[in-house]
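A short write-up of the structure that comes next.
Below, all heavy atoms of this structure are taken into account, side chains as well, without hydrogens, waters or symmetry copies. A, B, ... follow the sequence lines: proteins, then strands. Residue 1 opens every chain.
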Amino acid sequence: MQENKEEIKRKSQRETTASPNHFIRKLVSEDLKKVAQGGHLVTRFPPEPNGYLHIGHAKSICLNFELAREFEGRCHMRFDDTNPSSETAEYVSSILEDVRWLGYDWGEHLYNASDQFPPLYDLAIKLIQLELAYVCDLSSEEIFQKRGTLTEPGENSPYRDRSIEENLTLFEQMKAGAFAPGKRVLRAKIDMASSILPMRDPILYRIVDTPHHRTGRDWSIYPMYDFAHCLTDALEGVTHSFCTLEFTDHRPLYDWLLEKLDFHDPPKQTEFARLNLSHTVLSKRILKQLVERGHVSGWDDPRMPTISGLRRRGYTPKSIRDFCEGIGVAKRDSTIQMARLEFSVREHLNSAAPRAMAVLNPLKVIITNYPEASVEKITAINNPEDELQGTREVPFTREIWIEREDFLENPPKKFFRLAPGREVRLRYAYLVTCQNVLKNADGEITEVHCTYDPETRGGNAPDGRRVKGTIHWVSTSHAHDAEIRLFDVLFNVEDPMTSDPNSDFTAHLNPGSVEILKQAKLEPSLMESEGEQTFQFERMGYFIKDRDSTAERSVWNRTVTLRDTWAKTQTKAGRKI
RNA sequence: UGGGGCGUCGCCAAAUGGUAAGGCAGCGGCCUUUGGAGCCGCCAUUUGUAGGUUCGAGUCCUACCGCCCCAGCCA
C-alpha cells in the first residue's frame with residue numbers, strides 16, 4: 001500500500017514534468033474558454049517545401065499537432081508554396097513522410113497556399129478597390145532606397161496614388177504576364193514612416209516566371225508570405241497561428257490585412273522561440289550547403305539534425321516527441337545542449353530496444369578447457385526492462401570474440417574486466433579466467449587463452465564467489481561480419497555560426513564526426529533484423545541497421561552510446577585504455 | 001542612437017505580490033550477470049544591475065546594462 005502510493009506520486013510527478021504548462025498552452029486554454037460554445041482549436045504546420053525538415057521543425061510540428069489533439073481540435077498540414085523558384089515536389093514528399101513518421105496525421109486537412117491563389121487574387125483586387133493597395137513601377141533598388149532605414153522614415157512611391165481603375169488594369173496585366181519579373185509589384189498602402197518596417201507599404205505580389213511545382217505556368221504573379229500567410233490561415237479557418245520570434249514584427253501586418261479585408265474572428269498569431277541545438281546548425285540554408293558541398297552524404301546523413309537523418313541514425317519518433325515536449329516552449333532565445341536530445345533517445349531506447357551482443361573491435365579468446373566441437377545454446381534476455389520481449393538463444397563455443405578494450409595486460413586500478421590471472425563473467429555464459437596471452441612480432445596481442453569453470457553455466461558460481469566484471473562476446477564460428485559507423489557531433493563547437501565570426505562555419509566541422517569499424521562481429525540473431533529496429537548492443541550503445549547493408553554484409557549506425565561512467569572515470573584520471 | 005522581443009543554477013524551465021518547482025548536465029553513495037538501467041543524496045539565501053513602492057518583490061514602478069530580431073520582389 002505504502003509502496004503503491006509512492007509509485008503513484010512518482011508517476012504523477014513524472015507526468016507533470018513531461019507536460020509543462022507553457023504559455024501557449026495556457027493561452028489556448030484561455031481563448032477556448034472565451035468562446036461561449038463550440039470554441040475549438042485549429043492550428044497548422046506550414047512549411048515551405050524548399051528543404052528537408054529538421055529537429056527545429058519537429059518542435060513546431062509537435063506543438064501544433066499535440067495542442068490540437070489535447071484540445072480536441074485539428075491541425076492542418078499546409079505547404080507555404082508561394083515561391084516557385086526554390087520549391088520542389090521532392091521536398092513536398094519528404095516533408096509529408098517526415099511528419100507522418102513523427103506520428104502525426106492531418107486527416108483530410110492537407111492544404112497548399114497555391115490552392116488559394118484564385119481567392120488570394122480576388123482579395124488583392126478587393127484591397128485595390130478599398131484603395132489600400134497599388135501597383136508600383138519602382139525597381140527593387142528604388143524601392144530599397146525609398147524604404148528609409150531603421151532610424152529614418154521612408155518616402156512614398158510616386159505610384160502610390162494611382163486610381164483604382166489604373167491599379168486594377170495594371171494588376172490584371174501583371175497576372176496576364178504582360179510584364180517581366182521585377183517590373184511591377186503590388187504594394188499595400190499603409191505608412192512609409194512606420195517604425196515597423198514591414199508596414200512601410202509592403203510588397204504583396206511580385207512577378208515570377210519560374211514554373212510552380214503544382215500550378216505550373218498558370219500564374220505569373222505570386223503572393224508574398226505576409227499576404228498569403230494570414231489569409232490562408234483565415235481561409236482555412238485556423239484559429240491560432242504559431243510561428244517563431246522573427247515574425248513578431250510582422251504581426252501588425254498580419255492583423256492589418258485581416259481587418260481591412262473584413263475577416264471576422266480572425267486567426268491569432270503568437271510567436272515562440274525557435275529551437276537551437278548545440279554542436280549543430282538548424283538552418284535549411286546551411287544544411288543545404290552541407291549537402292551540396294559534400295560535407296555530408298545527403299539530407300539524411302546520420303550526422304544531420306534533419307528528421308530523416310535522425311531516423312537513419314536510429315532515433316525513434318517517440319524520443320523526438322518527448323524531447324520537444326520536454327524542452328518547453330517560451331519566448332526567450334535558447335540553445336538546448338545535444339546531451340538533452342541524447343537523453344531522450346536513451347530514455348526511450350532503454351525500455352524499447354532489444355538487446356544483442358556485438359563486438360566492435362574483436363580480440364580472439366580461446367577457452368582451452370572447453371570441448372572443441374561443442375556448441376551450447378545459451379539463453380539470453382532480450383530486454384531486462386521488458387519481460388514481454390522474452391529470451392533468445394546464443395551459440396557458445398570454444399573460440400569467441402571479445403572487445404579488445406575489455407582485455408588489458410597491465411590493468412589500472414578499478415579495471416575489472418579481463419587481465420592475466422583475472423576472472424570475468426561472459427554475459428549469460430560462464431566465468432572464465434585468463435591464463436595466457438599470445439602476441440605477434442610487433443608485440444600486439446593476438447589471442448587470449450582462458451579456462452572456464454564448467455560449474456558456472458549461466459554466469460553464477462555455485463560457491464558464491466563474486467565476479468565484478470561482465471563482458472560481452474560472440475562465438476567466432478557463428479559471428480557475422482559487419483561494418484559499424486560511429487558518429488560524433490558534426491561541429492566541434494557549441495555554436496558553429498558565431499563561435500568565430502572571422503571564419504567560415506565549415507572551419508568548425510568535426511573531422512572525427514564519423515569513424516568506421518570494418519571488423520565488427522555480430523551475434524547471429526541480429527541477421528534476422530528487419531525494418532527500422534534500433535538495438536542495444538550490450539555495453540556498447542544503440543545501433544540500427546543502415547540501408548547501405550547488402551546481403552553479404554550489414555552496416556550499422558550507432559545512434560548513441562550508453563552512459564559510460566567508466567570512460568568518464570578514465571578521462572578524469574587523464575588515462576586512456 | 002527607430003521599433004519589437006527577451007534576461008531566473010553550466011543548459012532548459014516553473015513560480016494569483018506571500019518568502020525561488022522540475023528536468024538535463026555535474027558530483028557523492030547504494031545496487032547491479034550491461035561500469036547500462038534503477039535507487040538515495042548534494043547542486044540559486046537569490047532571479048542582468050541600481051534604486052523605489054510594499055508588512056512582504058523574480059513578480060509592481062524608475063533608470064541603467066546586456067542579448068536577439070527587423071531595412072528580400074525569401075519564408
Using a heavy-atom cut-off of under 4.0 Å over every strand shown, decide if A:K26 touches base, sugar-phosphate, or nothing.
sugar-phosphate
Are any non-hydrogen side-chain atoms of A:T232 and A:Q116 less than 4.5 angstrom apart?
yes
Would you kindly give the CH2-to-P distance between A:W566 and B:A37, to the nearest whole Å?
17 Å
Report yes if some heavy atom in the side chain of A:T215 is under 4.5 Å from a heavy atom in the side chain of A:Y222; otherwise report no.
yes
Mapping A:I196 and A:G469 to their closest nucleotides on RNA chain B, which lands nearer the 5' end?
A:I196
Please figure out whether A:I471 or A:K59 has its closest RNA chain B nucleotide nearer the 5' end.
A:K59
Smallest separation among heavy atoms of A:L360 and A:P362, with atom names
O-CD, 3.5 Å
With heavy atoms under 4.0 Å as the rule, sort A:P153 into base, sugar-phosphate or nothing.
nothing
Which whole-number value in Å describes the distance from A:D564 CG to B:A25 P?
14 Å
Separation between the C1' atoms of B:U16 and B:A57, rounded to whole Å
14 Å
In B:G26, glycosidic geometry as syn within 90° of 0 or anti otherwise:
anti
Whole angstroms only, please: what is the CG-C1' distance between A:D191 and B:G2?
13 Å
So A:F343, base contact, sugar-phosphate only, or nothing? Heavy-atom distance under 4.0 Å.
sugar-phosphate
Measuring only the P atom in each nucleotide, how far is B:C60 from B:G7? A whole number of Å is fine.
11 Å
Could you check how far CG of A:D322 sits from C1' of B:G22, rounded to whole Å?
16 Å
Which whole number of Å gives the distance between the P atom of B:A75 and that of B:A37?
47 Å
P-based separation of B:U46 from B:C55 [nearest Å]:
24 Å
Rounding to the closest angstrom, what is the interatomic distance between B:G18 and B:G58 at atom P?
10 Å
Is there side-chain contact between A:T559 and A:F543, with at least one heavy-atom pair below 4.5 Å?
no
Can you name the closest pair of heavy atoms from A:H229 and A:R44 and give their distance?
NE2-NH1, 2.7 Å
Using side-chain heavy atoms (C-beta onward) and a distance below 4.5 Å, is A:F537 in contact with A:V359?
no
Whole-Å distance, A:D386 CG to B:G36 C1', equals 16 Å
Whole angstroms only, please: what is the CE-C1' distance between A:M540 and B:G35?
12 Å
When the C1' atoms of B:A15 and B:U47 are considered, how many whole Å apart are they?
11 Å
Would you mind reading off the distance between A:F242 atom CZ and B:G5 atom C1', rounded to a whole angstrom?
18 Å
Just by distance, no angles: are the side chains of A:S85 and A:N83 close enough, under 3.5 Å, to form a donor-acceptor pair?
yes
Got a salt bridge between A:R25 and A:E325, using NZ or NE/NH1/NH2 to carboxylate O under 4.0 Å?
yes
At 4.0 Å (heavy atoms only), tell me whether A:Q536 reaches a base, stays on the sugar-phosphate, or touches nothing.
base
A:K414 side-chain proximity, nearest of B:G35, B:G36, B:G5:
B:G35
side-chain N/O A:R539 vs B:G35 OP1/OP2, d < 4.0 Å
yes
Please state the C1' separation for the pair B:G28 and B:U19 - nearest whole angstrom.
30 Å
Heavy-atom closest pair, residues A:L522 and A:I484
CD2-CD1, 4.4 Å
Interatomic distance at C1', B:C9 relative to B:G48, whole Å
14 Å
Over 12 foreign heavy atoms within 6.0 Å of NZ, A:K146:
yes
Dot-bracket, RNA chain B: Watson-Crick or G-U, under 3.5 angstrom, [ ] crossing, | other strand?
.((((((..(((.....[...))).(((((.......))))).....(((((..]....))))))))))).....
Please find out if less than 6.0 Å separates the ring center of A:Y121 from that of A:F171.
yes
Side chain of A:K468: nearest nucleotide among B:G35, B:U32, B:G36?
B:U32
How long is the line joining NE2 of A:H22 and C1' of B:A14, in whole Å?
13 Å
For a quick test of reading the model: is some side-chain N or O of A:R251 closer than 4.0 Å to OP1 or OP2 of B:G4?
no
Sugar-phosphate atoms are those with a prime plus P, OP1 and OP2; base atoms are the rest. Using that split, label each nucleotide of nucleotides 6-12 of chain B B, S or - for protein heavy atoms under 4.0 Å, 5' to 3'.
SSB-BSS
If the sugar-phosphate is the primed atoms plus P, OP1 and OP2 and the base is the rest, what is the B/S/- string for nucleotides 70-75 of chain B, using protein heavy atoms under 4.0 Å?
BBSBSB
Report yes or no: is the cationic atom of A:K331 (NZ for Lys, CZ for Arg) closer than 6.0 Å to the six-membered ring centre of A:F272, at no more than 45° off its axis?
no
Using a heavy-atom cut-off of under 4.0 Å over every strand shown, decide if A:R200 touches base, sugar-phosphate, or nothing.
nothing
Ranking B:C24, B:A14, B:G36 by distance to the side chain of A:R340, first place goes to B:C24
Taking the six-membered ring of A:F179, is NZ or CZ of A:R184 closer than 6.0 Å to its centre and within 45° of its axis?
yes
Flag the pair A:H279 / A:F491 as yes when their ring centroid distance falls below 6.0 Å, and as no otherwise.
no
